[in-house]
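Worksheet: one structure, shown below.
Here is the naming used below: chain letters follow the sequence lines, and residue numbers restart at 1 for every chain. On a predicted model such as this, the values are computed, not experimentally measured, just so you know. The figures that follow rest on heavy atoms only: side chains count, while hydrogens, waters and symmetry mates do not.
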Amino acid sequence: MITITLPDGSQREVAKGTSAMEIASSISEGLARNVLSASVNGVVVDANRPIETNATLKLHTWNDEDGKSTMWHSSAHLMAEALEAHYPGIKLAIGPPIENGFYYDVDFGEVEFSQADFAKVEKTMLELARQKNEYIRKEVSKQDALAYFTEKGDQYKLELIDGLNDGEITFYTQGNFTDLCRGPHIPNTGFIKAAKLLNVAGAYWRGDEKNKMLTRVYAITFPKQSELEDYLKLLEEAKKRDHRKLGKELGLFTFSQKVGSGLPLWLPKGADLRMRLVAFLTQAQKKMGYVQVITPHIGSKELYVTSGHWEKYGKDSFQPISTPQEGELYMLKPMNCPHHCEIFKSEPRSYRDLPIRMAEFGTVYRYEQTGELHGLTRVRGFTQDDAHIFCTADQVKHEVGKVIDLVLYIFKTLDFPDFLAQVSLRDPNNPSKYIGSDENWEKAERGIQEVANEKGLKTVVEYGEAAFYGPKLDFMVRDAIGRKWQLGTVQIDYNLPERFELEYTGADNAKHRPVMIHRAPFGSLERFVAILIEHCAGQFPLWLTPEQVRILPVSEKYNDYARKVATELNSYDIRALFDERNEKVGKKIRDAEVEKVTYMLIVGEEEQAGNTVSARKKGEGDLGKMSIESFAQKVDAEIKAMLAE
RNA sequence: GCCGUUGUAGCUCAGGGGUAGAGCACUUCCUUGGUAAGGAAGAGGUCAGGGGUUCAAUUCCCCUCAACGGCUCCA
């Protein structure tokens, strides 16, 4: 007998060799019907694998992540089986589960596989699923494994097997399909009740662009048809939040082929929104002791030779421009820090001056490959809400803490709860690729982690992700379609102070090297606005939205009064426009709602006579009559509450 | 940069070898209205750009550009 400990701490005595599935059955038949896989001593395995020793056991169902990935991993095999049925002779590479579904990388040879072929594959998948074929695990020797895929002529599997040790190779077979696989898998294909191929894309074998490009087929499956329908609805909803669509609809920004790709043009409403964000951040920074500087859009190539950027990124950047007579070379500014270093150097600095927090909304230009450009999130010209903090090594932790406070304040004000802080540290196996003393690194790495914990951030630590010049803390958020983007960043830098020979005079009257902290709470205004649009689905917070109030005269007869109301609201610093079109008020309301104007003020005979307005809030409806002044106070109070620290 | 898809009016899209259509938006007129679409008329397109096949190309073929979905990259 062996002892099985369940997550609730309860224990069961079962015969050696009992499977998780059998234990599930003994708990309840309903549970057994839903078990997809199990964790035995923390390792995810097939639910029907015999358990041989005392163990902790967790059963995975569709309701937990491990259950889902098991299901999707098995679904990848099912899709492969279906694809082979339609396209005999295709070569299969890898087919893992991903966050939402799974994919399989396939070498279709000469065959073109496109969206038009999805339906038949889905149909076959479901037919195969209905057969409830079991996923059968088999341990095979390396020799046998190689022999099987040599016979099948699948060089990708052979390459994978090549990298495996004899004795750790397993095959899984379901129906007529056998695949090299570590597992685990769901008990049988019958759990898969709905399948949808989502898209196809090119993907290099082993992610290396020197290798052959395979066809990656993305798909997703569900244990219920209705869940698939819900998921597809969710995708539709997400598409409506896409900042590229909303940006166009709301008149925020545009692109012009003639101006160049990746170069956004901010329209009046977008520019208004952006300037408001800048004003908001400028004010917050001012309170935190930042000073503002301004530097040009180009800088001598020598500046970037000194900073090291030329050597590291010069070939992959916009190439230098030269002066017509002298042939001097200038770079479009890819980053602001070298300029800021020179400002630091412009006068002697004392330890009493530190920290110096030098901020600039600096527009930078970076070459991005054409295939990489993406709305406002990935562009070639963008404005960073940049700042560089020059401080002593002892001040680093405190300063990083203050930056985190700033980021948290911003995220809170913008109602942005869903972000992850990624702490990027050195690769412990490769210490030589980093510059700066061990002592400083350790202090900085420890400092960043401590302060992130003190501030209560939800963090993940990534080893080896640090920049060569220092550790960093990045704020990651997701867009409407679930893609991850980096917004804010805090980076500690020992490199530039060295390269630019920055120094300050210490209390000991000796020269010391400052530490530099790069930080950008938004990251870039472009990317931030993009994420903000998707986050609030275009319905910006009242303090930020370009048009806070629209006045809707009931008929043209009241246009003069509407204009008067608008002017009066403007005098209270409220952004109000009025709709003077010859339309019925119902139409004007609809248009204002569609354009996401927060407040609508309906004015007609009664309002004109009483010097009042009838307020209506988007999504809520009629708020009743009130004086212009009390409406203005209401808006003002609402905004003040939003911006409270 | 690579693989795939797409490109028709300001927007969303239909069409299709015989030089274009709808809805919305826009302009004008009628209507002067009370909480999510009043009516009529009008204007607007080298069918992304270039080349080829053809009596004839927006339609078929090739190239370029751009956008989209990924991959690689990313200061």
For the side chain of [X], counting heavy atoms from C-beta on, which of [options] is nearest?
{"X": "A:K584", "options": "B:G34, B:C71, B:G38", "answer": "B:G38"}
{"X": "A:K587", "options": "B:A37, B:G34, B:C71", "answer": "B:A37"}
{"X": "A:R244", "options": "B:G34, B:C11, B:G69", "answer": "B:G69"}
{"X": "A:K557", "options": "B:A75, B:A67, B:U32", "answer": "B:U32"}
{"X": "A:H374", "options": "B:A25, B:G33, B:G69", "answer": "B:G69"}
{"X": "A:N199", "options": "B:U35, B:U32, B:G69", "answer": "B:G69"}

Please give the distance between the [atom1] atoms of [N] and [M] as a whole number of Å.
{"N": "B:C61", "M": "B:A67", "atom1": "C1'", "value": "23 Å"}
{"N": "B:G44", "M": "B:A20", "atom1": "C1'", "value": "13 Å"}
{"N": "B:U12", "M": "B:U31", "atom1": "P", "value": "36 Å"}
{"N": "B:U8", "M": "B:G4", "atom1": "C1'", "value": "22 Å"}

What is the pairing partner of [N], taking Watson-Crick or G-U wobble pairs with both distances under 3.5 Å in any strand?
{"N": "B:A40", "result": "B:U28"}
{"N": "B:C13", "result": "B:G21"}
{"N": "B:A57", "result": "none"}

Under 3.5 Å, is there any donor-acceptor pair linking the side chain of [X] to the base of [N]?
{"X": "A:R366", "N": "B:C74", "value": "no"}
{"X": "A:Q257", "N": "B:A66", "value": "no"}
{"X": "A:N582", "N": "B:U31", "value": "yes"}
{"X": "A:E607", "N": "B:G34", "value": "yes"}
{"X": "A:Q115", "N": "B:U5", "value": "no"}
{"X": "A:Y558", "N": "B:G34", "value": "no"}

Do the side-chain N and O atoms of A:S300 and A:E302 include a donor-acceptor pair separated by under 3.5 angstrom? no

Quiz question: by atom type and distance under 3.5 Å, do the side chains of A:H340 and A:T295 form a donor-acceptor pair?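 Checked: A:H340/A:T295 side chains show no N/O donor-acceptor pair below 3.5 Å.
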
Between A:I589 and A:T370, which is nearer to the 5' end of RNA chain B once each is assigned its nearest nucleotide?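 Its nearest nucleotide lies further toward 5', so the answer is A:T370.
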
Under 5.5 Å and under 30°: A:Y313 stacked on B:A75: yes

